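Just so we're clear, the structure is a prediction, and the values are computed from it rather than from any experiment. Numbered from 1 within each chain, the chains take letters A, B, ... in sequence-line order.
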Amino acid sequence: MNRLSHIIDLDMYSVEEWNMIISTAMEIKKDPSKYSERCKGKIMATLFYEPSTRTQMSFQSAMIRLGGSIIGFDNPSNSSVSKGETIGDTAKIVSTYSDILVMRNPSEGSVKAAALHSDCPVINAGDGGHFHPTQTLTDLLTLTIEKGGLNGLKIGLCGDLKYGRTVHSLLKALSRYKDNEFILISTNELGLPGYIKDVLNARGCTYKEVNTIDEVISELDVLYMTRIQKERFASEEEYNRQKDVYILDTRKMRSAKKDMIVMHPLPRVDEISVEVDKDPRAKYFEQAGNGVYVRMALILCVLEGKLSTPELIKGKALNDISCKNPKCITHKEPHLPHYFRVAGDIAECEFCDERTLLD
Amino acid sequence: MNRLSHIIDLDMYSVEEWNMIISTAMEIKKDPSKYSERCKGKIMATLFYEPSTRTQMSFQSAMIRLGGSIIGFDNPSNSSVSKGETIGDTAKIVSTYSDILVMRNPSEGSVKAAALHSDCPVINAGDGGHFHPTQTLTDLLTLTIEKGGLNGLKIGLCGDLKYGRTVHSLLKALSRYKDNEFILISTNELGLPGYIKDVLNARGCTYKEVNTIDEVISELDVLYMTRIQKERFASEEEYNRQKDVYILDTRKMRSAKKDMIVMHPLPRVDEISVEVDKDPRAKYFEQAGNGVYVRMALILCVLEGKLSTPELIKGKALNDISCKNPKCITHKEPHLPHYFRVAGDIAECEFCDERTLLD
Amino acid sequence: MNRLSHIIDLDMYSVEEWNMIISTAMEIKKDPSKYSERCKGKIMATLFYEPSTRTQMSFQSAMIRLGGSIIGFDNPSNSSVSKGETIGDTAKIVSTYSDILVMRNPSEGSVKAAALHSDCPVINAGDGGHFHPTQTLTDLLTLTIEKGGLNGLKIGLCGDLKYGRTVHSLLKALSRYKDNEFILISTNELGLPGYIKDVLNARGCTYKEVNTIDEVISELDVLYMTRIQKERFASEEEYNRQKDVYILDTRKMRSAKKDMIVMHPLPRVDEISVEVDKDPRAKYFEQAGNGVYVRMALILCVLEGKLSTPELIKGKALNDISCKNPKCITHKEPHLPHYFRVAGDIAECEFCDERTLLD
């Protein structure tokens with residue numbers, strides 16, 4: 001089977017390839033009309049097993065602005081899935097109708113399972129709490145445009161650092177560049193998990209943990225805000241008590257540097273007050289717009305063969321072991337081989353990356 | 001911020017501008033293929049927070065027949081709205097993906113709230129019981145085609161005149177032309193509200209109120225039928241008793257003039273019996289087809305800068321007062337400023353036009 | 001009214017016309033890019049009153065690959081249907097927005113009811129348990145490609161032969177070709193109904209009935225598998241007991257001829273084990289891909305006037321009789337005339353083909 005460039009996890013590609021996607025996006029942003037026929041005759045199928053209007057419309061806009069067309073679904077009860085069809089069968093069949101698949105699914109590792117069976121490239125638009133590579137590329141593009149590059153930045157990341165997939169992915173990506181310093185702003189209960197800190201340590205990154213925006217905002221080049229879901233707090237009172245610490249408003253912005261920028265993956269609820277929108281340092285709407293350019297660049301690089309074609313499975317099938325992550329696709333679809341990468345006595349699930357200790 | 005031509009309420013534009021849209025629609029209808037590339041490369045996003053297949057498909061067909069493309073959603077549970085995002089944020093973000101937004105939402109004033117934040121023009125496809133400007137333009141186009149113009153017509157309007165948004169909007173529009181006479185056919189309980197009669201009186205329009213189709217049908221140039229929802233009647237018996245009065249059938253049509261036309265915004269349930277469909281005077285299906293041409297004309301006029309760019313907000317923010325209309329968008333979204341137009345001791349909500357007496 | 005080529009039931013067209021559609025599909029498959037502008041400017045509206053992502057996306061892909069565009073809905077609660085609009089009104093109105101309609105609806109005869117009112121051609125994408133003509137054409141195309149033609153084949157059909165619409169339609173179609181022999185593999189409870197056997201007998205077809213795949217697989221040129229819904233079995237134990245008989249796996253495949261092919265309309269759940277997928281004789285994914293080419297061919301033949309324009313109604317309205325089929329569209333929509341074809345004392349419903357004995 002011909003290998004394809006599937007975009008499941010950014011770490012499958014080199015930093016040089018990320019930089020190529022980002023500079024392609026910047027070229028497109030300068031003059032989008034030059035690209036308006038590049039995907040003429042091509043079809044993108046968006047398979048969204050859980051709703052995400054903004055991400056879906058961003059991909060659709062990207063494909064259309066390249067001259068391509070779109071088909072898809074956004075409601076799993078309308079799909080053959082409700083008749084018990086596996087994600088691999090769906091991917092294989094829909095790949096005969098289209099030239100590129102974009103998939104979002106709440107089960108972790110689901111998009112890689114689809115890619116294993118697809119006859120065309122697959123882009124991960126979010127697999128549960130696991131990866132969302134095009135969000136990370138959007139963030140890297142925005143930083144490149146607004147700060148001139150991805151090295152030597154002092155970046156505050158605020159909010160739910162424990163469960164925030166977007167924050168984990170951005171930290172792991174930025175740790176591949178030089179001289180970045182990270183300020184992690186959260187409650188003690190929602191701090192960055194150990195396994196991400198391990199990655200930062202292994203790459204020699206500098207970081208510190210604080211509890212309030214106020215104490216660090218004046219040092220930052222970038223403030224990356226994320227939403228804290230109310231349910232993450234122990235109680236309604238706890239949530240209300242912490243609210244003022246984690247809400248960004250014009251008062252806090254007065255201490256920030258003239259050239260600091262504020263980013264947020266959106267949607268925001270109240271963690272950035274609407275008065276901040278008028279501040280020229282607020283870049284979260286431009287960030288959303290950049291998402292279309294980065295997706296245009298990615299679609300082009302994938303369809304025009306500009307990226308390498310990494311192996312999806314590096315390990316082997318160990319069908320006696322089960323992945324410990326209850327949200328892993330292997331639990332929903334018993335026919336998938338239990339692929340693991342083994343190092344010593346640790347087995348990492350090839351689908352969702354969960355680690356299991358081998359007896 | 002550049003001003004844009006948002007189509008929220010037809011009264012934001014002059015009668016001359018309405019006439020330009022209508023004559024553009026007639027040109028398009030004569031030879032639609034001439035227009036098939038006019039919006040090449042442009043994207044329309046349809047954001048339907050409540051279902052309306054026909055209106056949505058009519059807009060989509062219009063954009064495609066202009067050579068444009070479409071993205072959007074028709075199911076709010078699939079959208080970021082369910083995550084608490086404001087309509088302004090959604091509009092701002094989606095306006096970075098598209099060139100024109102078309103929005104339908106059950107909250108009154110919601111589409112104006114979206115337009116305040118959008119970076120591209122917004123067309124109102126229906127905001128609760130408030131406005132549906134493209135339906136009115138469709139009606140005006142149909143009258144122009146079938147009756148040669150919009151002056152000197154004797155028009156019967158039948159059905160739910162109390163709650164019928166389509167009827168209110170058509171009356172207000174036709175009252176801007178000359179020598180039209182209106183016959184209002186309804187039960188006493190579902191008669192035209194006082195505030196619409198005020199508008200007709202202020203513009204010197206002639207109208208009379210009757211209870212049956214039979215007593216007036218022979219005088220009419222136009223009979224505009226609307227659906228009466230069963231729930232509007234006090235009881236099932238009342239509904240059944242009135243049914244015969246308000247149902248149009250071939251018997252009643254025998255008294256009508258040879259050149260009278262029958263219109264209906266559709267869907268119709270049983271208020272026009274199917275036997276009337278064969279009568280050449282039945283124009284409600286042509287009316288639906290005209291909707292595509294008028295939307296093509298409107299999209300062109302908006303995107304090609306043929307319309308003026310009126311201010312959305314003429315009044316000021318009075319945050320101590322709340323709009324009295326429970327369906328106003330300001331109740332769903334507390335961050336919206338409470339904009340009111342003040343005249344004497346009356347404050348009119350800028351979003352939903354509800355009047356409040358100032359203390 | 002101009003007659004149109006509606007594709008409701010394959011039997012409305014001759015075998016020569018089926019062959020033309022199939023050979024057009026084969027031409028398209030050889031070089032799809034040659035056809036990429038043939039439907040430029042044309043719009044297909046897909047009206048799916050019940051979900052079927054694969055069929056809908058297959059039609060959408062076909063139209064786009066012909067250079068056409070798509071509008072539509074896939075969720076009836078989002079449509080005017082929920083406001084009580086008849087299928088005829090919906091079809092008439094949507095036919096003013098588009099050039100071809102594709103409809104799926106759970107009521108039998110519903111698509112013919114739509115076609116009676118539509119101003120453009122209508123293609124049946126499945127009306128309840130009645131017809132699904134494009135699935136049958138897909139099957140005929142696949143047989144032609146893989147076996148060189150549609151005559152002289154020994155075809156095993158396995159699974160739910162009692163309720164399986166796809167099987168009934170394929171048998172009726174193949175019975176119009178020469179020297180085909182059918183092996184019907186099912187439990188006694190799920191055997192082929194008498195009225196289909198009547199058709200086979202009337203056309204002089206050879207068939208036999210067996211209970212297991214194993215006893216016949218070595219004779220077959222084609223094995224056509226279908227899914228048996230668990231609910232069809234009398235009990236869970238009965239289902240489990242029969243499972244091994246009706247599941248196709250690599251063990252059973254070892255007895256099959258080198259050039260036998262395996263087909264399945266999909267989705268498959270467990271009736272074909274995934275290990276069979278690697279077998280070069282497994283053709284069900286190619287079959288799904290062929291569906292796009294056959295739909296492209298059908299759309300072209302319909303829009304370019306290559307097919308005849310058969311009368312939809314051959315019989316007459318007998319409004320004193322009601323169709324006995326509770327799933328017939330005439331029960332959902334009382335305004336539809338009760339059209340029947342009468343032969344002797346049997347009246348066949350024109351919509352759903354159910355037979356009623358006239359007193």
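Note on Glu85(A) versus Arg227(C): no salt bridge recorded, every NZ/NE/NH1/NH2 to OD/OE distance being 4.0 Å or above. Residues Asp89(A) and Arg54(C) are not paired through a salt bridge, judged by the lack of any N-O separation under 4.0 Å between the basic side chain and the carboxylate.
Put simply, OG1 on Thr53(C) and OH on Tyr97(A) are 10.0 Å apart, with the number rounded to the nearest 0.5 Å. Within the model, atoms CE of Met57(C) and CZ of Phe73(A) stand 5.5 Å from one another, a figure rounded to the nearest 0.5 Å. Taken from CG in Leu266(C) to NZ in Lys92(A), the straight-line distance is 11.5 Å, to the nearest 0.5 Å. Residue Thr86(A) holds its OG1 atom at 6.0 Å from CZ of Arg268(C), rounded to the nearest 0.5 Å. Atom CD of Glu37(C) is separated from atom NZ of Lys40(A) by 4.5 Å, given to the nearest 0.5 angstrom. The distance from the OG atom of Ser98(A) to the CZ atom of Arg65(C) is 7.0 Å, given to the nearest 0.5 Å.
The number of heavy-atom neighbours closer than 6.0 Å to CZ of Arg355(A), taken from other residues, nucleotides and ligands shown, is 12 or below. Heavy atoms of other residues, nucleotides or ligands lying less than 6.0 angstrom from NZ of Lys29(A) number more than 12.
By number of non-hydrogen pairs under 4.5 angstrom with chain A, the leading residue of Gly289(C), Ser58(C), Ser69(C), Ala62(C) is Ser58(C).
Heavy atoms closer than 4.5 Å to chain C are found in the side chain of Leu47(A), but not in its backbone. With a 4.5 Å cut-off on non-hydrogen atoms, Lys42(A) does not touch chain C at all.
Inter-residue side-chain proximity for Ile71(A) and Ile70(C) is flagged as met; some heavy-atom pair is nearer than 4.5 Å. For the pair Phe285(C)/Ile93(A), a side-chain contact is recorded, criterion being any heavy-atom separation below 4.5 Å from C-beta on.
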